[in-house]
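Quick notes on the structure that follows.
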Amino acid sequence: MAAATLARRIGRSGVLPLCCRLPAWDRAARPPPGPAQPPGLPLAPCRSFSNNKIQVELDESSGVAMMKFKSPPVNSLSLEFLTEFSISLEKLENNKACRGVIITSALPKIFSSGLDITEMCGKSIEHYTEFWRAVQEMWLRLYGSNMVTVAAVNGSSPAGGCLVALSCDYRIMAENPKFSIGLNEAQLGIVAPFWFKDTFVNVVGHRIAERSLQLGSLHPAPEALKLGLVDELVPEEKLMEKAAAVMAQWLALPDHARQLTKTMMRKAVLDRLVAHREEDIKNFISFVSKESIQKSLRMYMEMLKKRKS
Amino acid sequence: MAAATLARRIGRSGVLPLCCRLPAWDRAARPPPGPAQPPGLPLAPCRSFSNNKIQVELDESSGVAMMKFKSPPVNSLSLEFLTEFSISLEKLENNKACRGVIITSALPKIFSSGLDITEMCGKSIEHYTEFWRAVQEMWLRLYGSNMVTVAAVNGSSPAGGCLVALSCDYRIMAENPKFSIGLNEAQLGIVAPFWFKDTFVNVVGHRIAERSLQLGSLHPAPEALKLGLVDELVPEEKLMEKAAAVMAQWLALPDHARQLTKTMMRKAVLDRLVAHREEDIKNFISFVSKESIQKSLRMYMEMLKKRKS
Amino acid sequence: MAAATLARRIGRSGVLPLCCRLPAWDRAARPPPGPAQPPGLPLAPCRSFSNNKIQVELDESSGVAMMKFKSPPVNSLSLEFLTEFSISLEKLENNKACRGVIITSALPKIFSSGLDITEMCGKSIEHYTEFWRAVQEMWLRLYGSNMVTVAAVNGSSPAGGCLVALSCDYRIMAENPKFSIGLNEAQLGIVAPFWFKDTFVNVVGHRIAERSLQLGSLHPAPEALKLGLVDELVPEEKLMEKAAAVMAQWLALPDHARQLTKTMMRKAVLDRLVAHREEDIKNFISFVSKESIQKSLRMYMEMLKKRKS
């Protein structure tokens, strides 16, 4: 049912069914109005579920969920992380008590470091396929979410981390010039997929996207604000307060009209990936399977390891 | 002939004939060079025609028409208003003496309040159809006009009023922070149609449009300037003077090249509505026929009535 | 054949070998690392070739070519100039020692005056066809170049001159308010082709392009910076130094990822011309063949002649 809802929402015009790989418990019919709770328990105003890598807390009185990335050291988007992320989003999406989600990091200085490079190195074709599908899935859910999504970017956010922020409705960043954000894939010798690019262009426009993507730029927070990559900077200690205020402003609107408007703005770009999903997976596999790419990813990982130790 | 011209101009690629509903006097062959005047009358340098709701005055020496909305209390876009608007535009479009039109309001504090909600409330399917077609017609004529169109926004301009301004070539607004402008449909629980959105995106870009439409924002004049929603602010008493100066600047260009350039810029968006016109009408009807929407429109009207009294 | 080859290169989703139509000396197997030089000569770090109208100097140690327009009085884009330009670009493109090109003018005060009007006046259909194909060819090569392209705009740059700058990856302009840049075709009563427009929109966005193209605006350097038409202004004497620094920054990125990213950003617009190339030529011919256009071009040339003398 969840999958059907999502498919209807995203892919109205002749589109593949999405998310067929979701766990059974999520596809099962649930009592429509409230959350699926064991009978007999009192309704708590706050409901949290935490898995390994992401902590989610839903305040049912406000309808706002807080989603905190807590996968040390750098919240990298591993297969496991992405799967948890998609499942968490779907759970919230299908919970009528939830209208908005604030996404932030539980770790200091980093929002998310982006795709986990170990998932792209020395693995099987099957693994690459599963991994890339999980990246797509996460983005389709987040960019196409009916909920209000606010990114509270409390640390650096390169590559896939930047994509997560770009996919939200609003981006607030801690005004620390040491924190940077950007789609810096080109720096690593790899190319951001077309739907990363589409999402970026929708936020900053064609010219800024063209330059930033070619240079693989990581923009310090003040520059990110100037380019429109984030909507607002606030002192780090006020970040969550501000995120809550912005969320309240967005939730003041009637859901239905806001959701249809959001779909209207994002549908073309979502449809494009849905229509080319398998092709996009093939492209990723053929790219990542190249010895030259494997070599440069290995070198990059060596460098990261050395830096750590 | 007029209709054919417009159809050719707007809908080059496989497109419905537009404007077939125009009054016979407008479709009739007219003496090509000058305006259709009874013989014997001297040619006046200034020629005005006024209907119920819009006053039009053409200065044939400058080639500039002044179009003033005068439908109290708030210049709402009723079926009657829209029909007059389209007819006035077509009359000017087909008058070779007219090269540009300045659109403004004859009422204080309001440019136009947008679509007339009474036309959407408790009426028949036939009425909704006729009304929506008139909204489309007005936009196709205005956004696709060969004339230079300057909006002198001398008051607030929500929703459909904002669309009128967005469809012009240039927008000058009175620098009164109490005047606001925006596509605030979402605030009323309704959704701006895709071609309102396309027009908006063409002016302010994707990101600003996405946020503003989802929040149903009404932007005070200074903010509207900052977002690029209007091109210029001037003190209210200088608005018409400035509009005339801007018009003169645009009319300094050779018409033919300017018109072809305008068509090149706007054709894709115009074509999109022309190609989906009947579908768009169906969407409107199915939306407006919903009991939930009728209810929220009734509540909104009640609120307006109370505010007035 | 050149057109077809180029079309294949640009308009594909997987990547074909480049530029198979190259002169034999360029296609010949060459010793991979260095340039093809007669044996016995010492390897020069700098290799230059100069034709009539464009001087090209390649510094093989840095991989950067300097291309200087030197076709007095105003570097107008004649058939001969365009042919030389395309051939020079192709030679560099196929020279593995070349990774970037800086384009500037060897003449004072003018970057390029744009298309040579004498090529459009009183000539045969065959000539118009050949000329327009050469304009297209130049743009397809420059906008689609795999090299980093930096425009060092050291003088005014109207119409086609502006297109050359817009087609580069980065634009630096001398901060002289007497120098202006813009697609001012409308001022001459002609219309910029759709791919000039597409290139412009990709740089400055839809709204600025719409207004600037309709008014045929020539923007003084400071205004051009504000509109995003150029990326940076520097004092004229620092222009080349700055261009070299920007080039070094862009060349710090791995070529392959940067090139694929550039293709991803520009492909849609390049493909559009490739798909409509013959139609675009026909449009040009039918336009330029009109007596009214011929007349206005002749008048314009008379005016230029008078101004000179």
Side-chain angles (χ1 to χ4, degrees), chain B residues 12-13 99-100 143-151 165-172 197-209 224-232 245-271, chain C residues 120 158-159 162 182-219 223 226-228 268-269 272-273 275-276 279-280 283-284 286-288 290-297 299-300 303:
Chain B
R12 268 156 220 205
S13 55
R99 298 176 61 213
Y143 197 61
S145 173
N146 265 331
M147 301 179 285
V148 173
T149 50
V150 173
L166 287 171
S167 303
C168 290
D169 291 314
Y170 199 85
R171 285 156 289 288
I172 310 164
K197 180 265 288 178
D198 288 343
T199 311
F200 199 25
V201 168
N202 272 356
V203 173
V204 298
H206 191 280
R207 171 58 188 154
I208 291 172
L225 177 68
K226 218 174 122 197
L227 298 177
L229 211 163
V230 299
D231 296 296
E232 218 171 327
V246 165
M247 180 59 83
Q249 183 199 6
W250 285 66
L251 291 183
L253 277 286
D255 279 340
H256 191 63
R258 188 193 48 70
Q259 287 162 358
L260 289 175
T261 304
K262 181 171 177 177
T263 300
M264 176 170 68
M265 296 304 299
R266 300 191 167 189
K267 192 177 176 312
V269 159
L270 287 162
D271 281 356
Chain C
M120 309 190 219
C162 177
L183 293 175
N184 63 324
E185 280 80 354
Q187 293 266 10
L188 282 69
I190 60 178
V191 181
F194 71 87
W195 40 284
F196 282 50
K197 180 265 289 178
D198 288 343
T199 311
F200 198 26
V201 169
N202 272 357
V203 173
V204 298
H206 190 279
R207 171 56 189 155
I208 291 172
E210 184 182 275
R211 183 175 9 156
S212 183
L213 281 173
Q214 282 198 67
L215 291 173
S217 304
L218 282 175
H219 306 286
E223 191 179 291
K226 218 174 123 198
L227 297 177
V269 159
R272 219 176 141 201
L273 175 59
H276 298 95
E279 195 184 324
D280 182 58
N283 280 347
F284 172 72
S286 107
F287 188 76
V288 88
K290 279 182 188 144
E291 189 38 45
S292 59
I293 299 299
Q294 284 293 317
K295 196 177 152 190
S296 88
L297 292 176
M299 280 169 58
Y300 187 73
M303 193 195 72

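Numbered from 1 within each chain, the chains take letters A, B, ... in sequence-line order.
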**Complete:** Applying side chain to side chain contact (heavy atoms under 4.5 Å, CB included) to Gln259(B) and not counting sequence neighbours gives Asn146(B), Asp255(B)
**Item:** With sequence neighbours excluded, residues passing side-chain hydrogen bond (donor to acceptor under 3.5 Å, both in side chains) with Thr149(B)
**Value:** Asp169(B)
**Request:** Supply the atom-to-atom distance Thr261(B) OG1 to Leu183(C) CG, rounded to the nearest 0.5 angstrom.
**Result:** 10.0 Å
**Request:** Search all heavy atoms of Pro254(B) against all heavy atoms of Gly189(C) and return the closest pair with its distance.
**Result:** CG-CA, 3.8 Å
**Request:** Pull out the residues in residues 191-200 of chain C that come under 4.5 Å of chain B, heavy atom to heavy atom, sorted by number.
**Result:** Val191(C), Ala192(C), Pro193(C), Phe194(C), Lys197(C)
**Prompt:** In terms of side-chain geometry, is the basic nitrogen of Arg266(B) or Glu210(C) positioned less than 4.0 Å from the acidic oxygen of its partner?
**Reply:** yes
**Message:** Which residues pass the side chain to side chain contact (heavy atoms under 4.5 Å, CB included) test with Gln249(B), not counting sequence neighbours?
**Reply:** Leu215(C)
**Asked** With side chains defined as the heavy atoms from C-beta onward, is the minimum distance between Leu213(C) and Lys262(B) less than 4.5 Å?
**Response** no
**Asked** What's the spacing between Leu260(B) CG and Gln214(C) CD if we round to 0.5 Å?
**Response** 10.5 Å
